[in-house]
Structure formats: C-alpha cells, structure tokens
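Protein chains get the first letters and strands the later ones, always in sequence-line order, with residue 1 at the start of each.
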Amino acid sequence: MSAPTLRIADLGLGFRTWAGPVEVLHGISLHINKGERVALVGESGSGKSVTARIVLGLLQELRSARISGTVEFEGRDLDRLSARERHALRGTRMSMIFQDPTSSLNPVYRIAPQFHEVLKRADPAISEAAARDRAAALLSAVAIPEPERALDSYSFQLSGGMNQRVMIAMALANEPALLIADEPGTALDVTVQAQTLALMRDMVEEHHTSVLFISHNLGVVREFADRVYVIYKGRIVEHATAEGLFADPRHPYTRALLSAVPRITGGGIPEIEDVSEDYYQPLVVHEGCGEPEGVA
Amino acid sequence: MTGLLSLRNVSKVFTLGQREIRAVDDVSFDVEEGECLAIVGESGSGKSTIANMILGIYPPSMGTIAWRGDVLPARRELRHRRAIQLVQQNPLSSLNPRRSVGASLRLPLDVHGIGDRSHRADRVGRLLEEVGLPAEFMNRSPAALSGGQRQRVAIARALASESDLVVLDEPTSALDVLVQARVLKLLAELRDKRGLTYVFITHDLSVVRNIADRVAVFEKGCLRELGTTEAIFANPQHAYTRRLIAAVPVVTDAEVALRKRLMENDNAAA
C-alpha cells in the first residue's frame, strides 16, 4: 500500500511566551489518503489552523514554537527536510486556501502577474504569455465568466465569491497532492458558499487532490468531507466517517457541537454548556477509522 | 394598524460619481411591538442600508419612517436615539479598545441621563449581570474578553439606555457555534424579560428559523417576501427565498429532506 498523502503522528506544539510555555496541541494524529477529503472541525482556539501551518512548514520557522511528533508528506518526514526543501514543496505539492480571499490577494497587483508568480513556482521558466494562457484556462475551469477581464482586474474589483474562485484556481494551478482549505466559505454569503464548495468538490475530484478541510461549521463539513476529525483544545476527540459522525456522534463534545447548530426545521435553541469536563473525555474512534501503523 | 416602527415606501439612492445606485427600492413594512423581525438576504441586498436608516445614521431618499405613529425626523432627537439601539457583528471593532467595559457601558447612561449619577456604577454592574457576566468585568478592557463575552458587553450597551428596539446586525456570525447558541438564548431571554423588539439582520437562515417571529426576505434592495417564520420555511412563495433556504449547510437528514422538498417545488414550477 502506498503511503498516505499526509500522516501526522502524535503531533505536539507549544509556544514559549513571556508568561511561560503554552501547550497548544497535545499529541494529535491524523492521516489523509490520496484523493480523500478530510475535515478537521473545532471551535476557535482548538488548534485547527496551527496544525495546517505545521503541515505547510511555516511554524517550524518560528523560534518560539516547540514541535514534537512526526509529520509525513507523501512518505517523507518533514522534519528531515531542510528549510529549502520544505519551501520547494509549498505552492507546488501542497497549497492552501485561506478564509478571507480578498486579503490573501495582493491589492496593488492585477490578478495576471500574481497568477504568473504562482505558475513560476512549478515552472520557473514559464513566459508571461504562456502563464496568461494557462491562467485564463484555469479561471474558466472554476466558472469565472470572462477570465481575460478577471486577469486584468485588481482583487478589490472582484466580488468575494470571484476572489475565492481565483484562489481555488491558483491553489490547484500546480496540481498539488494536498490542498489545505482553512474555512474557505466563512467570509462568503450562504448561496456563494454553497457554489464555492460545490466547485471545490468538483475540482478536487477531477484532479484527485487530497484535501485537509478546516472548519467550525458542521453543516459545511457534512456537505464536503469523506472523513472527519473533531478537535477540542488541542486534542482529537472523535474520528469517524462523515456519515458515521452525523448519524451517530459518540463524544460528548461532538454531541454538544452538533446540537448547538440551529436547524432550519426549527426546534428552538438548546441549552448547552460551552465548557464542560465531559469534553475532555478520551478519543472515540469509529469502526474502520484507525490510524495507519507507523512505517517511517 | 400601525406598528412600533413603520416604513412606508422607503427608498435609498446613493450617488457614486455619475452613477446612481438604488440600494433600497420602495420598501414598506411594519415592526410590531415585542416581535423579532428577521431581515435576510445576501450581501448587497440592502439589509444594512435599512438598518442604518432605522437607526437614523442617514435618512431615506424617499418615503418615511415612523416611530409609534410619528414620522421620524432626518436628524433624530435624543429620545429617538435612546429608544433605538444597535448591536454590531464584530464586537472587537465596535467596542472602544481604549475604554474599559464599564466606561463603555456608562457612556449611554451619562448621555441619556439615566439614573442618579451616584448609582450609575451599580447600574453598570447590574447590566453586566443581566447579560450573564460578573460585575467585576467593568474594570476589564475589551481585549481581555473572549468573543462571546465581548458580544454580551455589546448587548448590555444596547440595553443600557433602556431601549425599546434593538437592531441586531449579524450579532452571532463571528462566534463559534456553542457560543452562538448561548448568545441567542440570552437574546431570547432578554426580549421576554424587557419586552424588547428586535430587528435581526442576518444571512444565516437556520438562526432565523429558531429566533424570529417574522421574516422579511430582501434581494437587490427589494422586499421579496414577508411572512411568519413558519410560513416562510414551510411554504416559501418566492423562488429567491427557496434558493436561500436551499443553500444553508445542514446537519440532519430531516433538514436535507426539507431542502429537497423546497427545491422540487421550484423545479416543478419552472
């Protein structure tokens, strides 16, 4: 069996601060197989986004961060790679879509030169004209009408939904093996969010891209993911297939999270504790969802 | 019948250079005393423009807004400003970071001359307790509070002036789902206790379903549909309403079934 696209084993993270060390992740393990869409769900401050930043190799460069455990990307241990090798992976083999598309594009450049930069990551010799053609093709693949006009626009001239499509096109431009999507729909309207998610699903299915989908919105996760990890205060508390999780949530925290979502069928707002000892109960793994044994 | 607040043929036109943008187009509706009226729509539908006109931040270009039967002047009087208050989406940017929570809450008391000067500090403490925070929080700065706690302070501030109508502009969209549930619960309790009227602006229809009495659906500045929450969700008349409901990400099979049923109606009608 080939190595999973991403395997994280017993990952711990702490920060040294002026007030002493702060532990953020307490040994989390997760994996993503090729072509799989895996969601990491939790509230703000649970450690979702730092996990993504470690996978990208960004936090390793921060001097105050203490990282333990292993992160393997396509069978290679990220710890053994040099900073330069990690840099070479970003934007080519792995890429990321952020929450707010408008602030992740540079407002002083038009879209075309920014797209050129992205394509140069994989092919440093690509000419401006060739990059433009390829960018136009990629933009029309994400259903942007008049891609030429979008290429000549600044990010602030496009709507939020358009910008997010540009980000999706950029993130998938170099055919990455892993796409990390950090709350990609949160800053968008519901209707635009639904369109964006459907588009993202089509795109990753077509390219067999693995996705780490980070979200606090369980509804969105249900529509998008194959498998779900629920994270609470730096610990994974439940691991299940998306179907299994929504049909049969077993951890108290997952149950609370699920019941707190207002339903469009009504039923009022339930009484839920936002802090409870029960949420610290140990990990619940559903049948058939274990972590692969370490073979590094 | 006249409600607490009535909008009659209200339009708002913004002029941008040569272009005119009609942000709100001939809208009429009433807000009844004690109800929670949700205003839903996508961005650009005119929701926030309506909120700003209700608050008197700018007057309507055409039409009138009446408060308890009297037409509101373009320049609001103090009593109008006291009666109509706002809770914004992001409490971090709506609370002054240089001012302690207590000072933020005291300001409306001073402006509107509520209570004796010597008792205002106690009043601030009671306001904090009313929204479920300890009274000692008055000495803290907004930076020392979590998102949910800050939003509670923003709610307390809107209530400090003993307001009658509170405009809630996406009050929970910046919050986690567990915190959101608790803040919504608090809003419902306060409404019962104080007899408040809410205008609840949001694009999250699942929240609307569980807190609003009536729903007004806006698209491109026009009022598409206004009805009781039950009617809107059981049998939405307008295709745009059905599209909005169908786009809500849901977590249970019952909800999927509801969405499917609404969309089938739409396809059958088309």
Of the backbone (N, CA, C, O) and the side chain (C-beta and beyond), which part of B:Gln180 lies under 4.5 Å from a heavy atom of chain A, both, or neither?
side chain
Any sub-3.5 Å donor-acceptor pair from B:Thr172's side-chain atoms to B:Leu175's backbone N or O?
no
Measure distances from A:Glu43 to the heavy atoms of chain B and classify the residue's part below 4.5 Å as side chain, backbone, both or neither.
both
Looking at chain A, which one of B:Ala188, B:Ser43, B:Ser173, B:Ser146 has the largest number of heavy-atom pairs inside 4.5 Å, strictly under?
B:Ser43
Check each atom of A:Gln195 against the heavy atoms of chain B and say whether the ones under 4.5 Å are side chain, backbone, both or neither.
neither
Between B:Leu105 and B:Val153 the two heavy atoms that sit nearest each other are CD2-O, 3.7 Å
Would you check if there is a donor-acceptor pair between the side chains of A:Thr254 and A:Glu238 at a distance under 3.5 Å?
yes
Let's test your reading of the structure: which of B:His203, B:Glu42, B:Arg259 forms the most heavy-atom pairs below 4.5 Å with chain A?
B:Glu42
Tell me which of these, A:Ile264, A:Val261, A:Leu258, has more heavy-atom pairs under 4.5 Å with chain B than the rest.
A:Ile264
If you measure only the distance, is there a donor-acceptor pair under 3.5 Å linking the side chains of A:His216 and A:Glu183?
yes
Test: A:Arg37 cationic atom under 6.0 Å from A:Phe213 six-membered ring centre, within 45° of axis
no
Do the two ring centres, one from A:Tyr232 and one from A:Tyr280, sit under 6.0 Å apart?
yes
Give a yes or no on whether the ring-centroid distance for A:Phe156 and A:Tyr154 is below 6.0 angstrom.
yes
In terms of heavy-atom proximity below 4.5 Å to chain A, should B:Val208 be classed as side chain, backbone, both, or neither?
neither
Residue from B:Thr229, B:Leu205, B:Asp253, B:Ile245 scoring the most non-hydrogen pairs under 4.5 Å with chain A is B:Asp253
Consider only side-chain N and O atoms of B:Arg243 and B:His238, and report whether a donor and an acceptor are under 3.5 Å apart.
no
Looking at A:Gly45, A:Gly266, A:Gly42, A:Ala194, which makes the most heavy-atom pairs under 4.5 Å with chain B?
A:Gly266
Interface moiety of A:Arg222 toward chain B, non-hydrogen atoms closer than 4.5 Å
side chain
Partner chain A: residue of B:Leu178, B:Val207, B:Asp204 with the largest heavy-atom pair count (under 4.5 Å)
B:Leu178
